[in-house]
Amino acid sequence: MAEILFTGGRLIDPLSGTDTTADVRVSGGRVVEVGSGITATGAETIDISGAVICPGFIDLHVHLREPGREDEETVATGSAAAARGGFTAVGAMPNTDPVCDNAAVADKVAAAARRAGLCEVIPAGSLTKGLEGRYITPIGEMVTCSAGVRMFTDDGKGVQDSRILRRAMEYIKGFDAICAEHCDDAALSEGGQMHEGYYSDLLGLKGMPAAAEDIALARDLVLARLTGVRYHALHVSTQGSVELIRQAKAQGVRVTAEVTPHHLILTDAELQSFDPVNKVNPPLRSSSDMEACRVGLADGTLDAIATDHAPHSREEKESEFELAPPGMIGLETALALMISEIVDPGILTLAELVRRLTSVPAGILRLAGQGAVAEGSPANLTVFDPSAEWVVDPATFVSKSRNTPFKGRKVKGKVLHTVFGGSLVVRNGDIVPEYEAALSVGTSFGAAQ
Ligand code: DOR
């Protein structure tokens, strides 16, 4: 593990409130020195004047597709996409095949991530077996396994049965883990292709009403209050949801929430192209929903920004609209989109954006020592140039999938270097060559332990 000295960067450390020019020295996997005029003979010295250095980003919500759909992404390629996007820890959703509904799958995902060595992957366990909504999973077994599962969700769908959800919440509360929900009343949204509104009428596509999300979230918040569980609302997308979370927080319910870059930037008007790249669940909403999400992000109702990185194969995404699966990738574009569309228009300051990508998600997941740049903290760091302009070109992605709606968009803000566990895994925007071998492995599940 090399010794690295970053000099002359703007250090943004949200936990200590630091925002100043400083040098940062990394050694033995830890941040060992933060200050000015640091010298270190033998260390690799990287001048990062003009760039920001901050804790590694943490994404609460990604889909890595392994096991089961390694043609779309593997733990290794998803980790590489994360690293290239400046992320050093990601929460992997359980809707794999087999489902991550037991400790064996969770441990395998975490072990595959350790082999790739590009970022930490914290598997989320499903709330119900096989995501079928009927039987609660062995939550205790998953919390205590070596992967250390700390979030439980049936993401992709919501738990429809209130009694099952209540019991799952009680079980989860006993371990002080998180119950996270994809808020969706399936009876209202079933068969829906897009947000229900003006554009679904215009295009003749079946709509998913905002009420399906609002009703499910309202029920969940009632149960979260009843059980006292730590509850997390995944990919909030409606005005009603933002208002419900605002009220619940004011009333002391233990609720946190995330919002995706796409729900902050795009609306259902995009669907006019009939391009399934814009199909996502929850769907792109109306402009007033998007505006409410922006206000909710700005005032802290929505705590964290999470990508919901959802890789899909080209064949499936380019099939006819009704058949195409929902989802879009986001790890390699999140920072630039947020600087261009959220910081530049003044919705968040750059330092606050960094906080929503680092110490806030670290706090939600209780990742000890992460989300900070302090002497002794784990050396998970991101260095980015906030003013570098580039054009989104999916052909350059290290993700196995290309399903981004932002192709061709001019954006600002580029990840230069990512340090994970004290090692440079991304240098000058590219994966460091020694980690590239992991990317060509079709699946790491079958590999020797
Ligand atoms: O659009 C989505 N895609 N939403 C989800 O909740 C699941 C995800 C996926 O797995 O593709």
With side chain to side chain donor-acceptor pair (under 3.5 Å) as the rule and sequence neighbours excluded, what pairs involving residues 141-151 come up?
D107-S146

Given V242, L264, V295, the one that forms side chain to side chain contact (heavy atoms under 4.5 Å, CB included) with L302:
V242

Considering all heavy atoms, the nearest A106-V149 contact:
CB-CG2, 3.7 Å

If I compare all heavy atoms of V354 with all of C54, which pair ends up nearest, and what's the gap?
CG1-CB, 3.7 Å

Please examine the side chains of R69 and D97, heavy atoms only from C-beta on, and report whether any two atoms are closer than 4.5 Å.
no

Does any N or O in the side chain of E318 come within less than 3.5 Å of the main-chain N or O of E316, such that one atom is a donor and the other an acceptor?
no

Can you find a side-chain donor-acceptor pair between S313 and D71 that sits under 3.5 Å?
no

If you define the side chain from C-beta out and look only at heavy atoms, does anything of E72 sit under 4.5 Å from K400?
no

Short question: side chain of R294, backbone of I347 - any donor-acceptor pair under 3.5 Å?
no

Side chain to side chain donor-acceptor pair (under 3.5 Å), paired with S237, selected from H195, E213, H263
E213

Kindly indicate whether the side chain of V121, heavy atoms from C-beta on, has any atom under 4.5 Å from the side chain of S79.
yes

Test your reading of the model: is there a side-chain donor-acceptor pair from D13 to the backbone of T18, 3.5 Å cut-off?
no

Look up atom CG in D101 and atom CD1 in I139, then write down how far apart they are to the nearest 0.5 Å.
11.0 Å

Test salt bridge (Lys or Arg N to Asp or Glu O under 4.0 Å) on D185 and R219 and set out the steps.
CA-CA 10 Å; D185 184 325; R219 187 264 328 239; over 6 Å; no

With a 4.5 Å cut-off on side-chain heavy atoms, are F274 and L203 touching?
yes

Please check if the side chain of S423 supplies one atom and the backbone of V425 the other of a donor-acceptor pair under 3.5 Å.
no

Give the minimum heavy-atom separation between A310 and N403, together with the two atoms involved.
O-ND2, 2.9 Å

Does K108 reach the main-chain N or O of E66 with its side chain, forming a donor-acceptor pair under 3.5 Å?
no

Donor-acceptor pair, K407 side chain versus A395 backbone, under 3.5 Å?
no

Distance (rounded to the nearest 0.5 Å) between N95 CG and K157 NZ
9.5 Å

Could you tell me whether a side-chain N or O of D220 sits under 3.5 Å from a main-chain N or O of L223, the two making a donor and an acceptor?
no

Residues at least two apart in sequence or cross-chain that pass ring-ring contact (aromatic ring centres under 6.0 Å, His included) with F152, listed by chain then number, are none

Counterpart residues, ring-ring contact (aromatic ring centres under 6.0 Å, His included), relative to H63 (two or more places apart)
H61

Please give me the minimum heavy-atom distance between P67 and E70, naming the atom from each residue.
CA-OE2, 3.4 Å

Main-chain N/O of V411 paired to S340 side chain as donor or acceptor, under 3.5 Å
no

Can you name the closest pair of heavy atoms from I58 and G371 and give their distance?
CD1-N, 4.3 Å

Taking side chain as C-beta onward, heavy atoms only, is P261 less than 4.5 Å from T333?
no

Between D176 and R366, is a side chain to side chain contact (heavy atoms under 4.5 Å, CB included) present by the stated rule, with each step listed?
CA-CA 10 Å; D176 200 21; R366 304 228 171 120; 2.4 Å; yes

Please round to the nearest 0.5 Å and tell me the distance separating atom CZ of R402 and atom CD1 of I329.
7.0 Å

Indicate yes or no: at least one non-hydrogen side-chain atom of S200 is less than 4.5 angstrom from one of D268.
no

Using side chain to side chain contact (heavy atoms under 4.5 Å, CB included), reason through L353 and I305 one step at a time and then give a plain yes or no.
CA-CA 9 Å; L353 172 68; I305 294 162; 3.5 Å; yes

From L217 atom CG to T238 atom OG1, the distance as rounded to the nearest 0.5 Å
7.5 Å

If you round to the nearest 0.5 Å, how far is NE2 of H232 from CD of E181?
11.5 Å

Starting at CG of D19, measure out to CD1 of I12 and round the result to the nearest 0.5 Å.
4.5 Å

Student check: side-chain heavy atoms of F420 and E120 closer than 4.5 Å
yes

What residues form a side chain to side chain contact (heavy atoms under 4.5 Å, CB included) with T227, not counting sequence neighbours?
R166, M169, E170, V229

Considering only NZ, NE, NH1 and NH2 on the basic side and carboxylate oxygens on the acidic side, decide whether D303 and K249 come within less than 4.0 Å.
yes

Find out whether I172 and L127 are in side-chain contact, i.e. whether some heavy atom of one side chain is under 4.5 Å from a heavy atom of the other.
yes

Across all chains, not counting sequence neighbours, the salt bridge (charged side-chain N to carboxylate O under 4.0 Å, His left out) partners of E243 are R246

Begin with the C-alpha distance, continue with both residues' side-chain angles, and end with the deciding distance and a verdict on side chain to side chain contact (heavy atoms under 4.5 Å, CB included) for H262 and L284.
CA-CA 8 Å; H262 49 270; L284 301 178; 4.2 Å; yes

Contacts of type side chain to side chain contact (heavy atoms under 4.5 Å, CB included), residue P405, not counting sequence neighbours
L266, V277, N278, M328

More than 12 foreign heavy atoms under 6.0 Å from NZ of K410: is that the case here?
no

Chi angles and distances behind the side-chain hydrogen bond (donor to acceptor under 3.5 Å, both in side chains) call for S401, E73:
CA-CA 7 Å; S401 291; E73 199 78 286; 5.7 Å; no

D161 and R167: CA distance, side-chain angles, deciding distance, salt bridge (Lys or Arg N to Asp or Glu O under 4.0 Å) verdict:
CA-CA 10 Å; D161 185 317; R167 294 295 176 229; over 6 Å; no

For the residue pair H235 and H182, does the interplanar ring angle fall in the parallel (under 30°), tilted (30 to 60°) or perpendicular (over 60°) class?
perpendicular

Any chance you could lay out the side chain to side chain contact (heavy atoms under 4.5 Å, CB included) test for L424 and V419, step after step, and finish with the verdict?
CA-CA 4 Å; L424 262 181; V419 176; 3.9 Å; yes

So, K129 side chain and R134 main chain: donor-acceptor pair closer than 3.5 Å or not?
no

Any donor-acceptor pair under 3.5 Å from T307 side chain to G330 backbone:
no

Give a yes-or-no answer on whether the side chains of E332 and S399 include a donor-acceptor pair shorter than 3.5 Å.
no

Ignoring hydrogens, what is the shortest heavy-atom contact between L367 and A89? Give both atom names and the distance.
CD1-CB, 4.3 Å

Just checking, is any N or O donor in the side chain of T396 or D393 under 3.5 Å from an acceptor N or O on the other one?
no

Regarding S189 and D184, do their side chains bring together a donor and an acceptor under 3.5 Å, going by distance alone?
yes

